[in-house]
Amino acid sequence: MPELPEVETTRRGLAPHVEGQRITQVQVFEPRLRWPVDPGLAQVLTGLTVARLERRAKYLLFRLGAGALMVHLGMSGSLQLKHPPFERLRHDHILLTLGSGAVLVFNDPRRFGSLHWLGSAPEDHRLLAHLGPEPLSSAFDGAYLAAQAKSRSAPVKAFLMDGSVVVGVGNIYATEALFLAGIHPRRPARRISAARYDRLAAEVKTVLTQAIAAGGTTLRDFVDGSGRPGYFQQTLHAYGRAGHPCPRCATPLRGERLAQRATVFCPRCQR
DNA sequence: ACTGGCTCCTGAGGGC
DNA sequence: TGCCCTCAGGAGCCAG
């Protein structure tokens, strides 16, 4: 399920193959995604050239002139570069043919992903305007987290996964960062010291950086721009390991539901 | 200003 | 073998 490392892995893999390329054909086979695909998308994109492929939060931004094509992979989406002839697979919803002859294929079984055309000032779009800082930027640190947490009674895990606080930290990496920082996921956000937030911010950066280096986490269906899976799942300490011994103290890890999400933690190490 | 719950969707996996 | 049920989850949205 794509979180920030998976989206960044996709961006890095695709960028050299799409930047500078003209979009020569757009085929929409299934417009019913998280948001309905604009019926005019094919018309507006055709003929434009991709200047740069960027990422903001978990959104990919294909910069095209003054505008941008914004793509979200949802939780089962992938963008792959394919070379004709190839067989269109089930759930291949949208195909973008490039001047090079390669085809960018958007596949998404659960259709939680989306494509938007942002005609001008992309960062002002309602889906981007209220996002928090990037977790790997200098704007994100313990002091920032502590300040944000001041009036928050919600569990720290929900706080950490709130995109208006910090972007890109989904269930897997929130679970891992809290484990590494030794913080109980249910602890109210405002009841955590500044020193512990320093540690948490550092662990978020560490786990995301390592996951990017490993090509992301593939639990079921994530593949990068070339169809390759990630292998960070081999490094997970807590996520998906409920009932197994804690890697640190061997106490059985506990699995619970928190804010509609599967949550795993060590009842002894995490306070 | 926050918080928690609901919603979209398909496929995997377990039980029988 | 096959069917049915449950679960998984990103994140926008809404009611309280």
TODO: Indicate, yes or no, whether a donor-acceptor pair under 3.5 Å links the base of C/dA11 to the side chain of A/R261.
DONE: yes
TODO: May I ask you to verify if any side-chain N or O of A/Y59 is less than 4.0 angstrom from the OP1 or OP2 atom of C/dG12?
DONE: yes
TODO: Can you measure from CD1 (A/I94) to CG (A/D108) and round to the nearest 0.5 angstrom?
DONE: 9.5 Å
Open item on the list: Rounded to whole Å, how long is the line connecting atom CG of A/L258 with atom P of B/dT3?
Closed with: 13 Å
Task: Nearest-Å distance for atom pair CZ/P, residues A/R257 and B/dC6 - done: 11 Å
Task: A/L60-A/V26 co-clustered via ILVMFWY side chain contacts under 4.5 Å - done: yes
Can you check nucleotides 14-16 of chain C for protein contacts, nitrogen or oxygen pairs under 3.5 Å, and list what you find?
none

Open item on the list: For a quick test of reading the model: is some side-chain N or O of A/Y173 closer than 4.0 Å to OP1 or OP2 of C/dG10?
Closed with: no
- [ ] Please confirm whether the backbone N or O of A/L180 pairs with a side-chain atom of A/R199, one donor and one acceptor, at under 3.5 Å?
- [x] yes
TODO: Report yes if at least one side-chain N or O of A/S76 is closer than 4.0 Å to OP1 or OP2 of B/dC9; otherwise report no.
DONE: no
Open item on the list: I'd like to know if A/R55 pairs up with A/E6 as an ion pair, taking the criterion as any Lys NZ or Arg NE/NH1/NH2 lying under 4.0 Å from an Asp or Glu carboxylate oxygen.
Closed with: no
Task: Strand contacts (DNA chain B) in residues 112-123 of chain A, 4.0 angstrom heavy-atom criterion - done: A/F112
Task: Length of the line joining A/L128:CG and C/dG12:C1', which is rounded to integer Å - done: 13 Å
- [ ] Would you check if A/H125 and A/H116 make a side-chain contact, meaning some heavy-atom pair closer than 4.5 Å?
- [x] yes
Task: Between P of C/dG9 and CD1 of A/I172, the distance in whole Å - done: 8 Å
Task: Spacing of A/L95 atom CG and A/F86 atom CZ [to the nearest 0.5 Å] - done: 4.5 Å
- [ ] Indicate, with yes or no, if A/M70 and A/F112 share a hydrophobic cluster defined by side-chain heavy-atom contacts under 4.5 Å among Ile, Leu, Val, Met, Phe, Trp and Tyr.
- [x] no
Task: Nearest-Å distance for atom pair CG/P, residues A/D108 and C/dG9 - done: 16 Å
- [ ] Name the nucleic acid region contacted by A/A154, choosing base, sugar-phosphate or nothing; use a 4.0 angstrom heavy-atom cut-off, strictly under.
- [x] sugar-phosphate
Open item on the list: Strictly below 4.0 Å: does A/R32 bring a side-chain N or O up to OP1 or OP2 of B/dC8?
Closed with: no
- [ ] Look at the side-chain N and O atoms of A/H91 and state whether any lies under 4.0 Å from the OP1 or OP2 oxygen of B/dT10.
- [x] no
- [ ] Cation-pi check, A/R248 to A/F179: give yes when NZ or CZ is under 6.0 Å from the six-membered ring centre and within 45° of the ring axis, no otherwise.
- [x] yes
Task: Among A/K157, A/E176, A/E3, side chain to side chain donor-acceptor pair (under 3.5 Å) partner for A/N171 - done: A/K157
- [ ] State, to the nearest 10°, the angle formed by the axis through the first five base pairs of the helix from B/dC2-C/dG16 to B/dC16-C/dG2 and the axis through its last five.
- [x] 50°
Task: Between C/dG12 (P) and A/M70 (CE): distance, integer Å - done: 9 Å
